[in-house]
Chemist: 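Have a look at the structure that comes next, please.
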Protein chains: 2
Amino acid sequence: MASLGAAEATHLRLQALARYAGARSGDSRVVDNRVNQVVLVVEGAVKLIASVSGGRTHVMGFYFKDDFIYLPARETHAYNLCALKDCELIAFPATEFIRLAQNDRALNNNFISHLLRTLGRSREKTIALGQKTARERVATFLVSMAERIGSPFSNGALLDLPMSRRDIGENIGLTIETVSRQMTELRNAGLVSTSGRSQVKILDLAALKQEAGHFPVLT
Amino acid sequence: MASLGAAEATHLRLQALARYAGARSGDSRVVDNRVNQVVLVVEGAVKLIASVSGGRTHVMGFYFKDDFIYLPARETHAYNLCALKDCELIAFPATEFIRLAQNDRALNNNFISHLLRTLGRSREKTIALGQKTARERVATFLVSMAERIGSPFSNGALLDLPMSRRDIGENIGLTIETVSRQMTELRNAGLVSTSGRSQVKILDLAALKQEAGHFPVLT
DNA sequence: CGGTCACTTGAGGTAGTTCAAGGGGCGTGG
DNA sequence: CCACGCCCCTTGAACTACCTCAAGTGACCG
């Protein structure tokens with residue numbers, strides 16, 4: 001909760017509001033979505049999924065330690081959080097959270113800049129899905145993950161991806177097969193190497209960014 | 001500026017901050033994008049475009065009277081507002097705007113709920129671009145426009161679209177030809193009729209929503 | 001060590017793009 | 001008011017990126 005940057009006084013009130021939620025890897029509907037929620041990831045990794053008509057589902061994004069999620073109440077279609085690993089989360093009902101934030105400049109500012117960042121990422125992603133080829137999307141995804149959960153490594157990064165190929169595909173609007181093929185091509189091109197299902201080593205981050213079409217953060 | 005819902009006291013300060021901008025139809029770079037801006041559309045219609053690598057450009061959205069736009073400063077790629085008709089706009093530097101809003105509960109709340117709505121729409125659009133077919137996208141676009149600038153008409157709506165087919169295509173991630181073909185198919189299916197370049201009559205809104213895949217507002 | 005399930009690879013199909021050629025609005029000038 | 005011309009839009013035909021369907025392969029778990 002420290003990462004919310006609230007003052008001491010607000011802190012206590014936030015605690016009164018908070019719903020702690022633990023989750024095991026694979027759990028879905030981790031947080032109550034009957035009202036808008038602000039969710040903080042204390043530990044672990046989650047995906048935000050949207051269930052859409054026709055049984056389709058779209059992965060809106062992936063979130064990791066210290067990330068901050070705005071989870072809208074179910075409406076025309078349902079948003080839900082699913083755990084990708086064992087997780088610790090804290091959820092606040094959005095309305096009360098916002099009201100509280102108004103009494104605390106730092107928290108209010110934090111919340112607003114979080115929203116702006118989220119909006120920025122969402123717009124980037126819109127562009128990606130509207131304009132990019134499969135190759136560019138996969139490259140963009142990897143670059144983004146490198147920036148968010150990668151450990152630096154020579155002139156690249158080391159990644160341990162907690163999500164499946166299916167999750168990746170549903171996130172960037174491709175089928176699982178296409179994701180797989182693009183990964184293979186990137187491997188053949190010498191840009192990445194993989195071991196096991198989840199370990200990815202980015203060998204040349206600059207070149208990968210080139211492949212990504214110079215776009216910034218996705219997800 | 002009334003639509004900002006600020007109290008009297010804040011009003012004066014907002015006026016001090018405001019940059020009024022008139023624009024003629026077709027004008028681009030209507031608002032200074034060297035700093036983040038909050039822009040209010042007083043009159044007219046604008047598009048928010050993102051210029052991306054490879055000379056590609058994506059139309060992030062269309063905005064009309066009383067709409068509220070968050071225009072990020074140019075960064076990895078440049079966002080710009082272009083006038084689709086003659087316009088009157090008011091721009092506020094975002095940082096100062098947010099600071100001011102903190103002293104005015106109503107304004108702060110309005111701003112936050114605007115951001116949440118924008119984020120919601122952006123997410124909807126992400127889903128649309130990630131999952132929908134050309135037919136669904138065009139239908140979704142028309143439904144959205146009907147809700148935003150349509151005048152009711154029997155069991156449909158009357159539309160006067162200020163944007164070109166190219167703009168539409170760049171907004172929903174299709175080529176101009178595909179947009180055109182889908183429009184003719186919708187016409188042949190008896191869901192819409194058109195006259196001239198910009199007049200669209202939606203004959204059966206319910207059926208069009210069906211075509212759209214039950215999705216809510218796009219753009 | 002053996003089974004399951006995720007991932008990979010291949011072959012064929014299709015939605016949408018690309019390239020190219022006509023119509024037809026709509027503004028302009030007579 | 002009508003004629004002219006530009007440019008947007010429409011339509012057609014060929015192509016291609018991605019999807020779909022199907023069959024391996026190998027990672028991870030018991």
Side-chain angles (χ1 to χ4, degrees), chain A residues 24-26 47 54-56 58-59 84-85 128-142 159-189 192-201 211 213, chain B residues 24-26 47 54-59 84-86 128-142 159-189 192-201 211 213:
Chain A
R24 312 276 312 177
S25 175
K47 58 177 173 177
R56 291 174 284 191
H58 189 85
V59 175
L84 295 169
K85 308 169 153 187
L129 294 180
Q131 309 266 355
K132 290 192 182 184
T133 64
R135 169 70 81 95
E136 288 172 324
R137 293 184 205 190
V138 172
T140 307
F141 172 80
L142 289 174
L159 277 178
D160 189 5
L161 298 178
M163 72 292 283
S164 70
R165 294 284 186 275
R166 176 168 303 278
D167 289 332
I168 297 174
E170 287 179 351
N171 180 42
I172 60 182
L174 298 172
T175 60
I176 183 175
E177 294 95 331
T178 302
V179 173
S180 189
R181 275 186 257 270
Q182 295 304 330
M183 289 288 285
T184 312
E185 285 188 25
L186 289 174
R187 201 183 310 121
N188 292 341
V192 306
S193 71
T194 60
S195 74
R197 285 172 188 163
S198 58
Q199 299 280 343
V200 178
K201 196 185 287 178
E211 291 290 337
Chain B
R24 313 274 312 175
S25 175
K47 59 177 173 178
R56 290 174 285 192
T57 136
H58 190 84
V59 175
L84 295 169
K85 308 170 153 188
D86 294 354
L129 294 180
Q131 308 266 356
K132 288 192 181 184
T133 64
R135 169 69 79 94
E136 289 172 323
R137 293 185 205 191
V138 172
T140 307
F141 172 80
L142 289 174
L159 276 178
D160 189 7
L161 297 179
M163 73 291 284
S164 69
R165 296 283 187 275
R166 176 169 303 281
D167 289 332
I168 297 173
E170 287 179 350
N171 180 41
I172 59 182
L174 298 172
T175 59
I176 183 175
E177 293 95 332
T178 302
V179 172
S180 190
R181 276 186 257 268
Q182 296 303 330
M183 288 290 284
T184 38
E185 283 189 27
L186 288 174
R187 200 183 311 120
N188 293 341
V192 306
S193 71
T194 59
S195 75
R197 284 170 190 166
S198 59
Q199 299 280 342
V200 178
K201 195 186 288 177
E211 290 288 340

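Naming convention: chains lettered A, B, ... in sequence-line order (proteins, then strands); numbering from 1 in each chain. What you see is a predicted model; the values in this text were computed from it and never measured.
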Chemist: Looking at CG of B:D160 and CD of B:Q199, how far apart are the two atoms once the value is rounded to the nearest 0.5 Å?
Modeler: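 So the gap between those two atoms works out to 4.5 Å.
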Chemist: For B:Q199 and C:dG24, give me the distance from atom CD to atom P, rounded to whole Å.
Modeler: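 Spelled out: CD on B:Q199 to P on C:dG24 is 19 Å.
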Chemist: Could you tell me the separation between the CD atom of B:E170 and the P atom of D:dC8, rounded to a whole number of Å?
Modeler: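 The distance from CD of B:E170 to P of D:dC8 comes to 13 Å, rounded to the nearest Å.
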Chemist: Rounded to the Å, how far apart are B:N188 CG and D:dT10 P?
Modeler: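 Atom-to-atom, B:N188 to D:dT10, this comes out as 12 Å.
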Chemist: Output the rounded distance in Å from CG (B:L186) to P (D:dT10).
Modeler: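 Result: 12 Å.
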Chemist: Of all residues at least two apart in sequence or in a different chain, which pass the side-chain contact (heavy atoms from CB on, under 4.5 Å) check with B:S164?
Modeler: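 With neighbours one apart ignored, the set is B:R166, B:D167.
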Chemist: Which heavy-atom pair separates B:K132 from A:R56 by the least distance, and what is that distance?
Modeler: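 Result for this residue pair: CA-NH1, 4.3 Å.
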Chemist: Once you round it to whole Å, what is the distance between P of D:dT20 and CZ of A:R166?
Modeler: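 From A:R166 CZ to D:dT20 P: 11 Å.
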Chemist: Please report, rounded to the nearest Å, how far the C1' atom of D:dC8 is from the CD1 atom of B:I168.
Modeler: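 Taking CD1 of B:I168 and C1' of D:dC8, I get 12 Å after rounding.
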Chemist: Tabulate protein N/O versus nucleotide N/O from nucleotides 27-29 of chain D, keeping only pairs under 3.5 Å, one per line.
Modeler:
{"from": "D:dA27", "atom 1": "N3", "to": "A:R197", "atom 2": "NH2", "distance (Å)": "3.1"}
{"from": "D:dC28", "atom 1": "OP1", "to": "A:R197", "atom 2": "N", "distance (Å)": "3.4"}

Chemist: Compute whether any side-chain donor of one residue and acceptor of the other, for A:H58 and B:Q131, lie under 3.5 angstrom apart.
Modeler: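 Side chains of A:H58 and B:Q131: pair found under 3.5 Å.
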Chemist: Which residue is it: A:T194, A:V200, A:V192? I am looking for the one with a side chain to side chain contact (heavy atoms under 4.5 Å, CB included) to A:L186.
Modeler: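 Result: among A:T194, A:V200, A:V192, A:V192 is the only option passing the side chain to side chain contact (heavy atoms under 4.5 Å, CB included) with A:L186.
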Chemist: Not counting sequence neighbours, which residues clear side-chain contact (heavy atoms from CB on, under 4.5 Å) with B:S193? List them please.
Modeler: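 Here the qualifying residues are B:K201, B:L203.
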Chemist: For A:T133, check side-chain contact (heavy atoms from CB on, under 4.5 Å) against everything at least two apart and list the hits.
Modeler: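 Here the qualifying residues are A:R135, A:E136.
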Chemist: Between P on D:dT10 and CD on B:E185, what's the gap in Å once rounded to a whole number?
Modeler: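 These atoms are roughly 13 Å apart.
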Chemist: Name all residues meeting the side-chain contact (heavy atoms from CB on, under 4.5 Å) criterion together with A:R24; count only those two or more places apart in sequence or in a different chain, and write none if there are none.
Modeler: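 Per chain and number, A:R24 pairs via side-chain contact (heavy atoms from CB on, under 4.5 Å) with A:D27, A:D86.
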Chemist: With the sugar-phosphate defined as primed atoms, P, OP1 and OP2, and the base as all remaining atoms, what B/S/- string results for nucleotides 9-18 of chain C, 5' to 3', for protein heavy atoms under 4.0 Å?
Modeler: BBB----SBB
